[in-house]
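Remarks on the structure that follows.
Here the structure is a predicted model, which is why all the values come from computation and not from measurement.
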Amino acid sequence: MRIFVLLTILFFTTLGFAQNTGSIAGKLIDKEYNDEPLAFGNVLIKGTTTGTTSDFDGLYGFENLSPGTYVLVFSFVGYEPKEITVEVIAGKVTEVNVPMSASAASLDEVVITTTTRKESEAALLLDQKKALEIKQSIGAEELSRKVVSNAAGAVAKISGVSKQEGSSNVYVRGLGDRYQNTTFNGLSLPSNDINKKNIDLDLFASDIIENVSISKAYSTRFYGDFSAGNVDISSKDYKGNGFFDFEVGSSINTNASGKNFVKSEGTSYFGYYNRYDNNPFAIVLSHGIDPVEGYTPVAINFGGSFGKSFNFKNGERLSIYGTGSFNNGFEYRRGVTTDYTNVEKKSFEDSEEYEYTTQTTAMLGLNFKVDSNNSFRFNSLFINSSSDKVGYFGIDGLGRNRDAISNTDKGFYQMNVQFNQNLIYVNQLMGKHNFETLDLDWAVGYNLVNAHEPDRKRISLENYDTVFDNDPSTNPIFYSNVDFDNQRYFQNIDDEELNSALNLAYTPNEALKFNFGYNGRTKERSFDNNRYGYDIIGSQTQVSDPNALNNFFTLDNLQVNPNGNGLYTIKVFRPIPTSADGNQTLGTTNRPGLSENTYQGTLEVYAGYVNAEIKAGDKWLFVPGVRVESFTQDISYDVINQGNEGVGSRAFSDVVYLPSLNIKYSLTEDQNLRFSASQTISLPEFKEVAPFVYEGVSQRIGGNPDVLGYSEILNLDLKYEWFMSKSEIVSAAVFYKQINDPINQVVAFDATGTQRFFRTGNQAQVIGFEAEVRKNIIMNSAEDNDTAKLSVGLNATYIHTEQDLYESIDGSLFDVSFRNDSEELQGASPFIVNADINYSPTFGNYKPAANLIFSYFSDRIDALGSGQLGNVIEKGLPNLDFVLQNKISEKFEINFAARNLLNPTVQYFREGTSVGDVLVTSPNGKDVTNYERGIDLSLQLKYKF
């Protein structure tokens, strides 16, 4: 079948000039990337100024050439140039297809090659245009221009995507964490957080990202657990002669600046805690409670990258890419902390929280090219992230607690000192093998996550208002309603995952291609936690200095035996047995203990699929497919809060058949109309199933074994795309989803107000519209590569969701009822908008780029209310960033960013209480609400050697 461009050229040439002139047309082929089209390659007629570039599909052409011999020069930065002699014959089109291969180019060329081929906005638009399914991407070039530091910030710039303030939660088309998947180079990733299905995208620093794509329409190559979309992070690769770059930067937060920061005792500047090998009880005995002096709240970041290719005989080549970085951050939040269900449980109208965060990232990538048809790739990624929070709640002395002993109306106070560390290891081995009509791609991955919350300290006091009365004889007292009102808490999560993917593509001809594939995934989670409580011996025990609690909790003040002297004892929930029958134990006082809560979960998924890529003429592409997926999910648990019913196990398994159809119709060479229909499922996560309850300062969240099973989802998408140029696009899409047996996060209508997960109704429906435009307003001159000097981007999404609600749910462990027959879907924002303006003039080697970036999501339900309770609402937030990238030369950059310029107030509130809307905190956010995060000002220096 002739290429459309060749036919077009032939038509025009034969129409009027058939007897006098000839033409040259052809295609540039990228040998480095499986013979894909090479876009934006240069083609010049030697000895003349006549030239052109290849288009999105690698096609080029010259018309109206006089008969004779011409020498064409083909070039692409970082690739071996070629000269080919061509004979032009009158009335004919001479076809010249040229394969291009990488060369041992200069450093500058290699850097530009990487940007142009795999990271630029133009290349990713090309990928979007040619994609089989509906997808959008953002690449390293745009991340650099907008000084986006991680994958979460990257996806938040894509249409229909928003990020939750105060957390790493990302919403795609209004649907939250449980309706998404995250992959790294196409292989599944584990979660680093007990309360999340997906890994925190904040953890993926921009130095390791080549591009981030979101596939919003299902394809059989994805796991069947697919609803809102699949986020895939592609790691950077390198081919070239060698480079090294280094960057260093600093930033301040206007809220944190000037504050005297405090942190947990025993943690390091680089985010490590080195007592994991010690028994928690030994830590309680040997280390104090008080936070210690923190660091000056000036954040730093530094990192470097390197690459090198080694060429061997017979065309073999080994390419190495490595990167490492460290960054930290300081935030100070001052606001409200309230626990309100059907009544107010406790409320602190003046609270403050200091948070120090770190992130260390290192990645090594190896790419071994055996020949033009066979290559292997290995990636090893390590991430260490930490959060060190110190919170003081009720600092004005007016904190309220309805269960207070001394005074319910004032004087209640709590301190919470909490450190979380996540250690993530991702290892992947991949291979590509190309034959005449067969292409084989395979990959295996091994992931390990160690997520720790070691030695959280929580102290509760009453009569804190006496701190302000200037009377040394009156002091706060310990609140000691139960032994664990003053406590030390330890928690560990270990996730281990083995996954694999294989795809065999058979291409009998240009119009037909078959894909046969397999996916396997085995994931295991182990969870345990323990608490040690301080049992205060005397009632009304005074605290002379709330900032020096270590003076009270000393070994000298520990009551060793019941008849001895002392001020406190240490209690544990589960004693260690000393006899086989368990009737004899070490006891629960002043002794180490067994884990308070445990659960173990396993997920096994094995799937096979087949699809066909069918081209009907030059305009139609049909991709029908079916996936058969077998899954087994089981969980065993032993949790203390449910008594005898807290020990148990659940399991569920099934085989599902998931058909899909993707259709692309090329209205013109630059315009597509796409349609997608598919059947998928949604599986619950371990944290949604395990009945363990995590208790924050003012909220509690736990799972529910009754949600085990799956939801069936019908997905329909229709999208129009117009690629106006290599960097401009207009698109519009409508989508519909029908979710059977949806799961929602629900606030229980009881004394605890614990949030749990329930299958709340028969069906939920989502219908939405999204549109996007990227437009160049002013162009630079042709001498400056004809790039945009002034460009704008805008995307907006409107979503309507509705789900029916059961009147009541009588579960095996938990019951709930609803006052409404229907409601919006929990976590869905009705309106999302992202916009940016970019000004990028060129002055010789000086190439600045100024960006103004805006985003907004409207109010959304954070948790459904139950009984007579209203919903918890997350207030919509606008965000405005200014970023200036100063490329002083090809090697040196000075970048500046001012983020969160509008500094909006972050709020969660409960609707419809007896006193109206009430500010509350959320498990999905921070420990305070009604706070301003502050403006972040940063400066970065970057040099390429």
Side-chain angles (χ1 to χ4, degrees), residues 167-169 176-183 188-200 223-227 420 422-424 447-453 491-499 521-530 595-605 629 631-642 645-654 681-696 700-711 741-746 754-759 811-814 827 923-924:
S167 80
S168 59
N169 291 339
D177 173 69
R178 72 172 324 280
Y179 292 106
Q180 299 166 36
N181 291 320
T182 306
T183 54
S188 61
L189 281 170
S191 172
N192 63 295
D193 186 340
I194 183 178
N195 288 318
K196 292 184 63 181
K197 171 185 177 182
N198 293 277
I199 195 168
D200 185 349
Y223 282 97
D225 186 4
F226 182 104
S227 307
N420 292 83
N422 301 312
L423 297 160
I424 302 167
N447 305 323
L448 179 65
V449 174
N450 304 124
H452 306 289
E453 186 174 312
Q491 175 178 293
N492 296 289
I493 303 172
D494 292 313
D495 263 15
E496 191 172 12
E497 180 176 351
L498 183 65
N499 52 66
R521 183 185 183 195
T522 299
K523 176 181 178 179
E524 296 182 355
R525 168 174 289 183
S526 175
F527 167 87
D528 67 81
N529 84 311
N530 210 343
S595 295
E596 175 189 350
N597 298 283
T598 63
Y599 72 78
Q600 289 77 40
T602 302
L603 173 66
E604 294 183 350
V605 181
E629 188 164 285
F631 65 89
T632 300
Q633 190 173 25
D634 61 69
I635 189 165
S636 58
Y637 49 86
D638 185 350
V639 296
I640 203 166
N641 61 294
Q642 293 301 313
E645 293 183 325
V647 180
S649 63
R650 300 286 180 92
F652 187 89
S653 62
D654 204 350
I681 60 173
S682 176
L683 296 173
E685 287 302 300
F686 294 134
K687 56 101 174 183
E688 297 176 336
V689 178
F692 158 73
V693 174
Y694 182 87
E695 295 185 7
R700 291 150 301 280
I701 186 167
N704 178 6
D706 291 342
V707 301
L708 204 61
Y710 66 91
S711 303
D741 300 318
I743 293 177
N744 284 268
Q745 187 174 323
V746 181
T754 300
Q755 298 189 20
R756 292 190 184 273
F757 298 89
F758 291 88
R759 294 193 180 273
S812 60
L813 292 179
F814 311 108
N924 297 318

Working for side chain to side chain contact (heavy atoms under 4.5 Å, CB included), residues S812 and E645: CA-CA 9 Å; S812 60; E645 293 183 325; over 6 Å; no
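- For the pair I640 and N597, the tightest heavy-atom approach, listed with the atom from each and the gap, is N-OD1, 2.9 Å.
- Expressed to the nearest 0.5 Å, how far CD1 of I493 lies from NE2 of H452 amounts to 9.5 Å.
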Just do the side chain to side chain contact (heavy atoms under 4.5 Å, CB included) check on V639 and Y599 with the steps written out, would you? CA-CA 8 Å; V639 296; Y599 72 78; 5.7 Å; no
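- Between the OG1 atom of T632 and the CZ atom of F652 there is a distance of 10.0 Å, given to the nearest 0.5 Å.
- Taking all atoms of both residues into account, the shortest heavy-atom contact from Y637 to G646 is CD1-O, 3.2 Å.
- When all heavy atoms are compared, the tightest approach of I681 to S227 is O-OG, 4.2 Å.
- To the nearest 0.5 Å, atoms CZ (F226) and CG (L683) are separated by 14.0 Å.
- The aromatic rings of Y710 and F631 stand perpendicular to each other, their planes meeting at an angle above 60°, with 30° marking the opposite boundary.
- Distance CG/D528 to CZ/F692: 10.0 Å, rounded to 0.5 Å.
- The CG atom of L189 sits 7.0 Å away from the OG1 atom of T183 when rounded to the nearest 0.5 Å.
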Walk me through whether F757 and E685 qualify under side chain to side chain contact (heavy atoms under 4.5 Å, CB included). CA-CA 10 Å; F757 298 89; E685 287 302 300; over 6 Å; no
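- When E453, K687, Q491 are each tested for a side-chain hydrogen bond (donor to acceptor under 3.5 Å, both in side chains) with Y694, only one passes: E453.
- Closest heavy-atom contact between G702 and T754: N-CG2, 4.2 Å.
- Looking only at side-chain heavy atoms (C-beta outward), S682 and D225 come within less than 4.5 Å of each other.
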Please step through side chain to side chain donor-acceptor pair (under 3.5 Å) for the pair D494 and S526, ending with a clear verdict. CA-CA 5 Å; D494 292 313; S526 175; 5.2 Å; no
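- Contact between R759 and P684 at its shortest, heavy atoms only, is NH2-CD, 4.1 Å.
- The two residues N530 and E596 have their closest heavy-atom pair at OD1-N, 3.9 Å.
- Taking 4.5 Å as the limit, some side-chain heavy atom of Y179 sits within range of a side-chain heavy atom of P742.
- T598 and D638 are not linked by any side-chain donor-acceptor pair at a separation below 3.5 angstrom, with hydrogens and angles left out of the test.
- Looking at heavy atoms from C-beta onward, F686 lies in side-chain contact with L603 at the 4.5 angstrom threshold.
- Side-chain contact check for R525 versus V449: every heavy-atom pair is 4.5 Å or farther apart.
- One distance of note links CG of D706 with CG of L813; it measures 6.0 Å at 0.5 Å rounding.
- In summary, of the residues considered (E604, E496, E497), a salt bridge (Lys or Arg N to Asp or Glu O under 4.0 Å) with R521 occurs for E497 alone.
- Cation-pi check for R756 over F814 is met; the charged atom lies under 6.0 angstrom from the ring centroid and within 45 degrees of its normal.
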